[in-house]
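Working notes, structure below.
Excluded from the calculations below are hydrogen atoms, water molecules and symmetry mates; all remaining heavy atoms, backbone and side chain alike, are included. Residue indices begin at 1 and follow the sequence shown.
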Amino acid sequence: MKINTPTNFTALSSSSSDVSSGRFFFLQLFFLHHIQIFELSVAVFVFVAINSLRQKKRHGLPVWPVLGMLPSLLSGLRNNPYEWLSQVLCKQNGTFRFRGPVFSCLNCVVTADPRNLEHLLKTKFPNFPKGPFFRDTVRDLLGDGIFSADDETWQRQRKTASIEFHSAKFRKLTTESLLELVHARLLLVLEESQKNSTTLDLQDVLLRLTFDNVCMIAFGVDPGCLRPGLPYIPFAKAFEEATEATTLRFVTPTCIWKAMRYLDIGLEKKLKVWIKAVDEFAEDVIQTRKKELASRCDDDDKKQRSDLLTVFMRLKDENGQPFSDKFLRDICVNFILAGRDTSSVALSWFFWLLDQNPDVEDKILGELCKIVGERNDIDVKEEENSESGVVFRPEEIKKMEYLQAAISEALRLYPSVPVDHKEVIEDDKFPDGTVLKKGTKVIYAIYTMGRMEGIWGQDCREFKPERWLRDGLYMSESAYKFSAFNGGPRLCLGKDFAYYQMKFVAASIIYRYHVKVVEGHPVVPKLALTMYMKHGLKVNIFERHGSERQKYFTSN
């Protein structure tokens, strides 16, 4: 058999070469095709990015296809969202439109212009209710209470609460409960920390104080949060967690958090548990109070209580029927939210600012010593040597002009409610020319207003209580320039009591102690309905010796 090996081998080699060439050709086409797709994708991305970034100057933030301004929002939420928002608003002269993703309800107008605030809080108040979006977002926690209610529901609650807030009996209840909480509990906790040289989370302590105080006022019960050892209180923790989770709904597309709620997963599952704990506490208090009132025969005896729960239990609805337990629950939970967080959070920022501005603390101490020095010498010595020490009297609290200026300055820079929400009923236009279509959500940034040079001058970021004083007397500012207590018909009902509470607590502490923030402790705001410090306020307490006060007594 003859074998032509060279010839066959040559043919085979030729065939292999053709196949390799074909494969190489197709590989070239494949890679060329994908390189073109890659280059085209890069070109499209660069074009979209440049186009989106070009809109930043006009709209304040880049506007991305489909996502809108959401990437910028998510980036801003990572650090200090209020500072991020302030930078945008200041560059946009106080107002800009936030454009959310096409699948969300995050579109809104954001403003920090005092003219616009007066327009929506006062001039055209009926056209700017809280609105269905706000109510729907907070309803699970707040129900139909005064914080989120509109129209007749809000008016009825506010009228009743206003009458009660201005009654002599209610004022007596608030001042007496505060006196007991400060001198029988707060000062003991501070003294224990000072003697043992232990670090204290002052924000937590103040939250416990105001929580006990507002529960006494709203429910007529004392939860006992502020006690030596600072015990764990399930209701207080559940309430705090529920408010934080509810806030996150505002920056989450509605369809997403509603789907999570329906499926009972994630944060919505936890929120349901926390709200259940709040409901159980409220239900227990309401039923206990009903039995208590029913067991009393003497009408005068029934009227001895002046807490809000008892007041609303004695009233009838528009049909002449007693208010439902659900309505009573909503009333009390809303007032706890309004009364617990606002004062304690404001005082936390106040003491942090004092630590950075010791000259302001010295002036406050001087004012306190001057006021105490106006008493009879015998009275002062007796109180100084008593177990509770000096107790500031209501008429003396009113005289603390510089202290009120310092607290107002802290609220200007760090308002307890940093942003608030309204919704447009009918087409309108802001004084600055911004067009408002029906259904538009409006966010007014109270935090930003304290940082606008056009409102407060070039020193707007400085802590200067003197800006509130005229010839040594405290002078308030327009509610549409200083909106820490809101303005117009929704002006905070508890404003006077909040100032009294903050001044009484601050004076009682400053007269006795130095509060020093732990070195290196991070202080940044937390994203919540109220302006919590994210990591609390870790402090050390040092006793203020009598010699420090004596120099002020001598100078007076």
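- At distances below 3.5 Å, at least one donor-acceptor pair connects side-chain atoms of Asn334 with backbone N or O atoms of Asp330.
- Using bins of under 30°, 30° to 60° and over 60° for the plane-to-plane angle, the ring pair Phe219/Phe281 lands in the perpendicular bin.
- Side-chain atoms of Glu283 and Gln287 include a donor-acceptor pair closer than 3.5 Å.
- Between Arg249 and Asp140 there is a salt bridge, since at least one side-chain N of the basic residue sits less than 4.0 Å from a carboxylate O of the acidic one.
- Formation of a donor-acceptor pair under 3.5 Å by the Thr440 side chain with backbone atoms of Leu436 is not found in this model.
- Judged by the 6.0 Å distance and 45° axis criteria, Arg451 is not positioned over the aromatic ring of Trp456.
- Residues Ser148 and Arg139 have side chains that never bring a donor and an acceptor to within less than 3.5 angstrom of each other.
- Between Ser348 and Tyr532, the side chains place no donor N or O within less than 3.5 Å of an acceptor N or O (distance only, hydrogens not considered).
- Ring geometry for Trp352 versus Trp349: interplanar angle over 60°, hence perpendicular rather than tilted (30 to 60°).
- At least one cation-pi condition fails for Arg329 and Phe327: the charged atom is not both under 6.0 angstrom from the six-membered ring centre and inside a 45 degree cone around its axis.
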Extract all donor-acceptor atom pairs below 3.5 Å that involve side chains of residues 150-160 and protein atoms in other chains or at least two apart in sequence.
unit_1	atom_1	unit_2	atom_2	d
Asp150	OD1	Lys130	N	3.0
Asp150	OD1	Arg490	NH2	3.2
Asp150	OD2	Lys130	N	3.3
Asp150	OD2	Gly131	N	3.0
Asp150	OD2	Arg135	NH1	2.5
Gln157	OE1	Ile146	N	2.8
Gln157	NE2	Asp144	O	2.8
Arg158	NE	Pro489	O	3.0
Arg158	NH1	Leu491	O	3.1
Arg158	NH2	Pro489	O	3.2
Arg158	NH2	Leu491	O	2.7
Thr160	OG1	Arg156	O	3.1

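- Between the side chains of Thr95 and Asp113, no donor-acceptor pair of N or O atoms lies under 3.5 Å.
- Across Lys237, Lys534, Lys526, a single residue satisfies salt bridge (Lys or Arg N to Asp or Glu O under 4.0 Å) together with Glu244, and that is Lys526.
- A side-chain N or O of Glu409 and one of Trp468 form a donor-acceptor pair less than 3.5 Å apart.
- Of the charged side-chain nitrogens involved, at least one lies within less than 4.0 Å of a carboxylate oxygen, so that Arg208 and Asp204 count as a salt-bridged pair.
- Looking at Asp212, its side chain does come within 3.5 Å of a backbone N or O of Leu226 through a donor-acceptor pair.
- Between Phe96 and Phe98, the ring-plane angle classifies as perpendicular under the 30° and 60° cut-offs.
- Applying the 6.0 Å contact sphere to CG of Asn93 captures no more than 12 heavy atoms from other residues, nucleotides or ligands.
- With a 6.0 Å cutoff to the six-membered ring centre and a 45° limit on the axis angle, Lys441 counts as a cation-pi contact of Phe133.
- In summary, Asp496 and Lys398 do not engage in a salt bridge, as defined by a charged side-chain N under 4.0 Å from a carboxylate O.
- No hydrogens or angles considered: a donor-acceptor pair under 3.5 Å links the side chains of Asp432 and Thr434.
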* Carefully, step by step, assess Thr342 and Ser416 under the rule side-chain hydrogen bond (donor to acceptor under 3.5 Å, both in side chains). => CA-CA 5 Å; Thr342 49; Ser416 298; 5.4 Å; no
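- More than 12 heavy atoms of other residues, nucleotides or ligands shown are found within 6.0 angstrom of OH on Tyr232.
- Between the side chains of Asp428 and His119, at least one donor N or O sits under 3.5 Å from an acceptor N or O.
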